[in-house]
Amino acid sequence: AKELEHRIASEKPRNHLDMRHRLDKDGKRYGRVIDYKSSELRAVELLDNICNELGSALYIVNISASGRTTRVWWRVKEPADITWNG
């Protein structure tokens with residue numbers, strides 16, 4: 001979530017997307033103009049390669065003898081860095 005928030009905060013302002021590609025017999029353009037902030041293109045550009053930049057992550061669930069559950073996210077550079085003791 002932090003990486004996505006960083007991308008949103010650092011993105012450059014963009015103009016609307018002009019999707020008016022059809023012409024009638026008089027040369028008038030038909031179609032829609034879409035606000036960039038609500039466009040599918042913005043979502044794709046924000047999420048593009050986000051997994052590669054975040055690196056690998058490991059989610060660990062630990063249930064103790066008392067029944068208490070602990071959930072932890074660990075970030076590792078490579079999956080080879082993961083060792084399992086259990």
Side-chain angles (χ1 to χ4, degrees):
K2 290 179 184 179
E3 177 65 26
L4 186 57
E5 289 174 357
H6 171 71
R7 286 179 176 221
I8 290 171
S10 64
E11 72 179 336
K12 297 176 184 174
R14 298 269 309 257
N15 292 331
H16 299 298
L17 301 174
D18 190 354
M19 304 302 285
R20 299 176 296 173
H21 300 294
R22 282 188 319 182
L23 297 175
D24 67 1
K25 62 181 172 108
D26 300 323
K28 184 176 177 183
R29 294 169 39 173
Y30 284 94
R32 298 184 331 177
V33 176
I34 301 170
D35 185 22
Y36 177 74
K37 287 198 177 246
S38 62
S39 70
E40 184 179 346
L41 177 63
R42 179 181 183 218
V44 168
E45 288 178 347
L46 286 171
L47 297 174
D48 194 30
N49 294 324
I50 197 164
C51 291
N52 294 337
E53 292 178 12
L54 289 177
S56 299
L58 175 64
Y59 181 60
I60 300 172
V61 176
N62 182 19
I63 301 175
S64 67
S66 65
R68 184 174 175 196
T69 303
T70 306
R71 293 176 178 89
V72 181
W73 280 101
W74 291 85
R75 180 182 276 183
V76 294
K77 292 182 180 177
E78 296 292 329
D81 295 342
I82 301 170
T83 57
W84 179 259
N85 298 323

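Numbers for residues simply follow the sequence, beginning at 1. Quantities reported herein were computed from a predicted structural model and do not represent experimental measurements.
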With sequence neighbours left out, write down each residue that passes side-chain contact (heavy atoms from CB on, under 4.5 Å) with Lys28, or none if nothing qualifies.
->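 side-chain contact (heavy atoms from CB on, under 4.5 Å) list for Lys28, sorted by chain: Asp24, Tyr30.
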Atom pair [atom1]/[atom2] of [X] and [Y] - distance to nearest 0.5 Å:
{"X": "Leu46", "Y": "Glu3", "atom1": "CG", "atom2": "CD", "answer": "10.5 Å"}
{"X": "Asp35", "Y": "Arg42", "atom1": "CG", "atom2": "CZ", "answer": "9.0 Å"}
{"X": "Arg29", "Y": "Arg22", "atom1": "CZ", "atom2": "CZ", "answer": "12.5 Å"}

List the atom of His16, the atom of Tyr36, and the distance in Å for their closest heavy-atom pair.
->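 For His16 and Tyr36, the tightest heavy-atom pair comes out as ND1-N, 4.1 Å.
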Would you say Leu41 and Leu47 are hydrophobically clustered, going by side-chain heavy atoms of ILVMFWY under 4.5 Å?
->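 Different clusters: Leu41 never reaches Leu47 through Ile, Leu, Val, Met, Phe, Trp or Tyr contacts under 4.5 Å.
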Any link between Leu17 and Val33 through a network of hydrophobic side chains (Ile, Leu, Val, Met, Phe, Trp, Tyr) touching at under 4.5 Å?
->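 In one cluster: no.
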Given the rule in the salt bridge (charged side-chain N to carboxylate O under 4.0 Å, His left out) test, do Glu11 and Arg7 qualify, once you have shown the distances and angles that lead to the verdict?
-> CA-CA 6 Å; Glu11 72 179 336; Arg7 286 179 176 221; over 6 Å; no
